[in-house]
Structures are given as structure tokens and as C-alpha cells.
Peer 1: 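This structure is in C-alpha cells; I'll ask about it shortly.
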Amino acid sequence: MAVLITGATGYIGSHTVVELLNRGYETVLVDNLSNSDISVLDKIEEITGKRPVFYELDVAIRENVERIFSENHIDAVIHFAGLKAVGESCKLPSLYYYNNIASATAVSDVAARHGCFKIIFSSSATVYGEPETVPITEDFPLHTSNPYGTTKLLIENIYRDAYAYDNRWNITLLRYFNPIGSHESGLLGDDPNGIPNNLMPYITRVAAGQLEKLSVFGNDYPTRDGTGVRDYIHVVDLAIGHVAALERMTETGVHTFNLGTGKGCSVLEIIEAFERVNGVKIPYVITERRSGDVPEYYADSSKAERELGWKAERDIDDMCRSAWNFIVRTKK
Ligand code: NAD
Ligand code: UD1
């Protein structure tokens, strides 16, 4: 089976490409390198021994997607390409709406014209907003509070409409919880530009001495130690979840799955685990809550386990160890 992977040199895309290549899938990669580096292709080759076809193109432009489909036979698309920073999306909402919606619609429209009706889409737990209870199941109400989240929900709705009006479509919406960690080789990992917004890349920069200390955003939440609780999932488990979804794309329809571990972990627990497994101190201060943060959320991923035969295997210690190994191998 030949799979087109958009956003292929990004954090989750690159890990997924490795899992696909290791299982013998044919892959076609595309990325405009707006948030990743061409050197990722060398890393993929070093890990897998294979150099996949790569296009440096913007998939928000239809003609670019058309070119890829006319030059390759594609059976399915995994669509990762998108802008993902919540804070930036509030400053540049039009850019986020344009890039994310135009990419998703160009990909589905051109794919269909070429007879390809299988798409896996990177959605996010952000579509659940602030849930009333946890764990979160796929049928919880959907609500977003920032332009980034709204692009995810809009694309889900666009894809639901695609199937509603053409039942040849086979669409899988994967709602990721909080991916962290790195490939065991230490060659691939989360490498955001500028000062990171997300917890783990911030911790690794503090550990590397590039940032002085971590700010823990609030310790007065109604959680077990007062800090925010999230469902952190190892990026390799997440990547394998995409392979599981691809292998079970046998029935048309729109299939939605949470990909998480089902376990919540607080900010202080992450710091403790990181310090313990890596033997590195993470200086931190407690500061104000970050606006827009939810106290606690974690997934009920039993539907993915039941229907995809997939379950996250790696624990918090693995996530912290591999996140630091990536920095030690590539950056320090
Ligand atoms: P990433 O930024 O590392 O990867 C996205 C890739 O898409 C980048 O390499 C970027 O250069 C590329 N890209 C962006 N717009 C493009 C365009 N128009 N044409 C071609 N390439 C384009 O992000 P990631 O963490 O790997 O996330 C992948 C997907 O998963 C995104 O859609 C993101 O919104 C979604 N997601 C991520 C998280 C997370 O915490 N990382 C959580 C939920 C959902
Ligand atoms: C954030 C996004 C969410 C997106 C997700 C994955 C916001 C409000 N939400 O989620 O839409 O899907 O990333 O990309 O940005 N924390 C600190 N100090 C820090 C950074 C984070 O204490 O420097 C805390 C946060 O308060 C939170 C936890 O760590 O409790 C995780 O934060 P983060 O990694 O940013 O993920 P989310 O907030 O879950």
C-alpha cells in the first residue's frame, strides 16, 4: 500500500514514517518545512535504511497536491500538515484558518479526484474544550476556545460532510492527547522553534541549561497536587496508532478515536520522573495559571483498543528518558 504523508518531517509525522517504513509500506512524503528541517530525511534513512520520495511543497496549494497525485499512485493519506501553536493562532487567526483548512480541503479534494478515499486526520483532544468529567470518550460534546482548536473541529466537520455526501469516503479522525518523548535512536524528537509553549520541550531546554527555570502554571487546581493533569502519550505509541488505524481502514465511514494512555499525570509528577530517570535537576517556580488551561483531562482510549487493537505501551519514565536522550544526542 502506498501512503502519502503530509507534514512528514514534523514531530509526529517523522515518527510515523519510520513505523510505516519498518513495516514495508511505500511512502510519499511532503512538507513545506515551515516547522521542520530537511535533515529529518537523513535521520529517517539512518533509522530505517530507506530514503523515501520527498516533496518540499505547500499542500495548502491545490496544484502542489495535484502534482504529487499525478506523479505517484496513492492508496491512503495521513494528513499531519498544519500549524499547531495555540498562542500563535490567537495572534494570527487568518493564517491558521487558511493554512489548516486549505491544506485539509486541498488534500481531500485532489485525493478524491484521483480515486483515493482513505484519509487519516490529526485531530486533537483540544476539540473537547473543558470536559465536565474525565476520562473523555469520543462522544463527549465538542467545543473549542481558540483558532487552532477551531481549525481542528472545522476540519472534522468538513470530513464528516465529505462522507455524508459521498459514501465512498473512509475517514479516520485521530484525537491525540499530549504526545511527548522521542524515537529510541535519539535521532528524531520534538524540536520547536523559539521558546517552547509545551511542557516537555520546555523541561528539556531547562535541563540543557538553555532556559533558567520552568514556570509551573498554577498549583491551586482541583487535582491531586494542585498542578494541571494531562494524558501524556509516547510519540512512538502514537505513531504505531496510525499504522493500526491504516490497517483497519476496511469500512467506509467516519471513524473517530482518542489516542491517549488513559492515565493522567500532573506537572509535578512529570518533573519528578524526568529528574529521577535522567539524573538532571529541573529548577522550577510556581506561577499564575496560564489563561485557557484546563485543570485535568485524560482519555478513555478503550475504543481504539477494541476496534484498532491498539494500546499505548510506553510509560512516563520511557517518555522522559527518550525526550532527554534526543537532546543529549543531537543538541547538547
Ligand atoms: P509539527 O509542526 O512538528 O509538524 C507539522 C508539519 O507540517 C511541519 O513539519 C510543518 O512544516 C508542516 N506543514 C505545516 N503546514 C504545511 C503546509 N501547508 N504544507 C506542507 N507542510 C506543512 O507538528 P506535530 O506535533 O508533528 O503535529 C502534527 C499534526 O498533529 C498537526 O496537525 C497538529 O496540529 C496535530 N496535533 C499535534 C499535537 C501535539 O501536541 N504535537 C496534538 C494534537 C494534534
Ligand atoms: C496545549 C494546547 C492544546 C494542544 C496541546 C498539544 C494550550 C492552552 N493548549 O495543551 O490545545 O492540543 O498543547 O500541543 O496551549 N505547563 C507548565 N509550564 C509550562 C508549560 C506547560 O506548567 O511551561 C503545564 C500546563 O499548565 C499544563 C501542562 O503543563 O497543565 C501541559 O501543558 P502543554 O504541554 O502546553 O499542553 P496542554 O496545555 O495540555
Side-chain angles (χ1 to χ4, degrees), residues 5-16 29-38 40 55-61 64-65 78-90 95-96 98-100 102-104 106-107 121-129 144-146 148-149 151-152 155 174-180 188-193 195-203 205-206 211 213-219 221 223 227-233 235 238-239 242 259 264-268 270-271 284-298:
I5 298 111
T6 74
T9 45
Y11 174 46
I12 307 169
S14 59
H15 285 84
T16 304
L29 278 46
V30 57
D31 202 297
N32 65 357
L33 304 179
S34 60
N35 197 38
S36 55
D37 195 87
I38 191 76
V40 167
Y55 290 85
E56 183 184 338
L57 289 175
D58 183 339
V59 295
I61 297 169
N64 291 339
V65 185
I78 308 183
H79 179 52
F80 292 106
L83 297 173
K84 64 162 184 177
V86 173
E88 186 183 59
S89 82
C90 300
L95 174 68
Y96 271 66
Y98 169 70
N99 188 70
N100 292 1
S103 306
V107 163
F121 171 61
S122 301
S123 189
S124 166
T126 194
V127 299
Y128 296 116
T144 59
S145 54
N146 57 68
Y148 163 73
T151 67
K152 292 293 171 195
I155 296 165
L174 297 179
R175 294 178 181 153
Y176 314 153
F177 279 66
N178 289 54
I180 59 170
L188 299 173
D190 196 6
D191 192 13
N193 296 329
I195 295 181
N197 294 307
N198 295 120
L199 180 63
M200 185 53 84
Y202 205 102
I203 288 179
R205 299 244 170 128
V206 172
L211 292 168
K213 54 182 182 293
L214 172 73
S215 296
V216 173
F217 298 143
N219 67 350
Y221 284 111
T223 59
T227 65
V229 167
R230 298 288 182 273
D231 186 341
Y232 297 96
I233 172 171
V235 68
L238 187 61
H242 290 74
L259 296 185
C265 188
S266 75
V267 178
L268 294 182
I270 289 274
I271 297 171
Y284 70 86
V285 283
I286 308 289
T287 62
E288 296 280 282
R289 292 180 179 193
R290 178 173 67 181
S291 143
D293 268 359
V294 172
E296 174 171 41
Y297 65 76
Y298 53 92

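Whatever order the structure lists ligands and atoms in, that order sets their numbers, starting from 1. Because the structure is predicted, anything quoted here is derived from the model rather than measured. Along the sequence shown, the residues carry numbers beginning at 1.
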Peer 1: How many angstroms lie between atom CG of Leu238 and atom OG1 of Thr16, to the nearest 0.5 angstrom?
Peer 2: 6.5 Å
Peer 1: Would Arg230 and Tyr298 count as a cation-pi pair here, with the cationic atom under 6.0 angstrom from the ring centre and within 45° of the axis?
Peer 2: no
Peer 1: Are the side chains of Thr6 and Val107 in contact, using a 4.5 Å heavy-atom criterion?
Peer 2: yes
Peer 1: Taking side chain to side chain donor-acceptor pair (under 3.5 Å) as the definition, give me every residue that meets it alongside Tyr221, ordered by chain and number, with sequence neighbours left out.
Peer 2: none
Peer 1: Find the distance between CG (Asp293) and CZ (Arg290) and round it off to the nearest 0.5 Å.
Peer 2: 4.0 Å
Peer 1: Looking at side-chain heavy atoms only, is the closest gap between Tyr11 and Pro179 below 4.5 Å?
Peer 2: yes
Peer 1: Pairwise, report which nitrogen or oxygen atoms of ligand 2 are under 3.5 angstrom from protein nitrogen or oxygen atoms, and how far apart they are.
Peer 2:
residue, atom, partner, partner atom, Å
ligand 2, 11 (O), Thr126, OG1, 3.4
ligand 2, 12 (O), Ser124, OG, 3.2
ligand 2, 13 (O), Asn198, ND2, 2.9
ligand 2, 18 (N), Ser215, O, 2.7
ligand 2, 22 (O), Ser215, O, 3.4
ligand 2, 22 (O), Phe217, N, 2.9
ligand 2, 26 (O), Asp293, OD2, 2.6
ligand 2, 34 (O), Asn198, ND2, 3.4
ligand 2, 34 (O), Leu199, N, 2.8
ligand 2, 35 (O), Asn198, ND2, 3.0
ligand 2, 35 (O), Arg290, NH1, 3.4
ligand 2, 35 (O), Arg290, NH2, 2.8
ligand 2, 36 (O), Asn178, ND2, 3.1
ligand 2, 38 (O), Arg290, NH2, 2.8
ligand 2, 39 (O), Asn178, ND2, 2.9
ligand 2, 39 (O), Arg230, NE, 2.5
ligand 2, 39 (O), Tyr297, OH, 3.1

Peer 1: Check for me whether the distance between the ring centres of His242 and Phe80 falls short of 6.0 Å.
Peer 2: yes
Peer 1: Could you check whether Tyr148 and Glu88, counting side-chain N and O atoms only, form a donor-acceptor pair closer than 3.5 Å?
Peer 2: no
Peer 1: Please name all residues satisfying side chain to side chain contact (heavy atoms under 4.5 Å, CB included) with Asn32, sequence neighbours left out, ordered by chain then number.
Peer 2: Ser34, Asp58
Peer 1: Enumerate the protein residues lying less than 4.0 Å from ligand 1, judged by heavy-atom distances, in chain and residue-number order.
Peer 2: Gly7, Gly10, Tyr11, Ile12, Asp31, Asn32, Leu33, Ser34, Asn35, Ser36, Leu57, Asp58, Val59, Ala60, Phe80, Ala81, Gly82, Lys84, Asn99, Ser103, Ser122, Ser123, Ser124, Tyr148, Lys152, Tyr176, Pro179
